[in-house]
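Data block below; observations after.
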Amino acid sequence: MPQAIAETIFDVLYLSFALIAGLIMLIKGKTLLVKKAGLMTALLGAGDSFHLVPRAYALWTTGLEANAAALGVGKFVTSITMTIFYLLLYYIWRERYQIKDRKSLTFVMWLLALLRIGFCLLPQNQWLEYRQPLQYGILRNIPFAMIGIIIIVIFAQEAKKANDKVFHFIPLAVALSFGFYLPVVLFSGVLPIIGMLMIPKTLAYVWIVLMNWQLYKQS
């Protein structure tokens, strides 16, 4: 019960913040850049709700294993929306720093995103099972991790070059999010306590949202 209370409070605060901040930026944003940030943030909250709401329900009722199918569907939806989240972040990077060329990089980002989504669609993922095959968890996260590495590198380069105070820490926040997420993918099946790393991973996303909110406030 203490776990259910703590997780539910955390999830409600996080999802409310992401959805409200995202919708405000999307509706009230005066520039296309801010509206993209709003769409990205709202998508983050909406996508994560598919996983976190069933998880909260499971913790308050019959437990995680008894609700494996709902949790699996939520995890699948979140996997797709997070891929789109990073694609939007890539386009925010292009607009923020007025990148007009680098079409090959855009091709690579789309290719990796489609590979990630394609791997997520494979029935071998067994999304409806409580314990899913580790090899497919690794497979679908290889292109995802590559997307993350690209985002870290390109933001680090351009933010430093432009002396961008708003997005200066985006590379660190993205690096932290992947740093906390990947051990969960690899080891949570044998050591469930590792799943607690999803909390600091979520806080890294909150940090990204706050940077985008700063962009909105400045505009």
Would a 4.5 Å heavy-atom cut-off, applied to side chains only, mark [X] and [Y] as touching?
X    : Y    : value
L176 : P200 : no
L59  : L64  : yes
D164 : E158 : no
M109 : L87  : yes
I150 : Y86  : no
I5   : W60  : yes
I170 : W207 : no

With rounding to the nearest 0.5 Å, note down the distance linking [atom1] in [X] to [atom2] in [Y].
X    : Y    : atom1 : atom2 : result
Y57  : T8   : OH    : OG1   : 13.0 Å
L139 : L134 : CG    : CG    : 11.0 Å
E7   : M196 : CD    : CE    : 7.0 Å
L52  : L15  : CG    : CG    : 5.0 Å
L128 : K75  : CG    : NZ    : 12.0 Å
S79  : I84  : OG    : CD1   : 11.0 Å

Applying ring pair (Phe, Tyr, Trp, His ring centres under 6.0 Å) to F107 and W110, what does each step give before you reach the verdict?
CA-CA 5 Å; F107 173 78; W110 274 96; over 10 Å; no
Same cluster for [X] and [Y] if Ile/Leu/Val/Met/Phe/Trp/Tyr side chains link at under 4.5 Å?
X    : Y    : result
L88  : I117 : yes
I27  : Y216 : no
L23  : L39  : no
L114 : L105 : no
L43  : I20  : yes

Taking atom [atom1] of [X] as the centre, report whether more than 12 heavy atoms of other residues, nucleotides or ligands fall under 6.0 Å from it.
X    : atom1 : result
M146 : CE    : no
F17  : CZ    : yes
F50  : CZ    : no

N/O donor-acceptor pair under 3.5 Å between [X] side chain and [Y] backbone:
X    : Y    : value
T41  : A18  : no
W93  : I154 : yes
R116 : R140 : yes
Q98  : E95  : yes
S49  : A46  : yes
N67  : G63  : yes
K201 : S177 : no

Indicate the atoms forming the closest heavy-atom contact of [X] with [Y], along with that distance.
X    : Y    : result
P183 : F178 : CD-O, 4.3 Å
A156 : P171 : N-CG, 3.5 Å
R102 : R94  : O-NH1, 3.7 Å
V184 : I194 : CG2-O, 3.5 Å
N212 : M25  : O-SD, 3.6 Å
Q132 : Q126 : CG-O, 3.1 Å

Establish, from distance only, whether the side-chain atoms of Y205 and D48 form a donor-acceptor pair under 3.5 Å.
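No pair is found: no donor N or O on one side chain lies under 3.5 Å from an acceptor on the other.
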Side chains of T106 and Y90: do they bring a donor and an acceptor to under 3.5 Å?
yes
Determine whether the aromatic ring centres of residues F144 and F119 are separated by less than 6.0 angstrom.
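That pair fails the under 6.0 Å test.
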Testing N125, L121, T81, L71 for side chain to side chain contact (heavy atoms under 4.5 Å, CB included) with F76, which one passes?
L121
Aromatic ring pairing Y14/F10, orientation class (parallel under 30°, perpendicular over 60°, tilted between)
parallel
Please work out whether the ring planes of F155 and F167 are parallel, tilted or perpendicular, with thresholds of 30° and 60°.
perpendicular
One pair to check against side chain to side chain contact (heavy atoms under 4.5 Å, CB included): H51 and V77. What are the steps and the verdict?
CA-CA 8 Å; H51 174 62; V77 172; over 6 Å; no
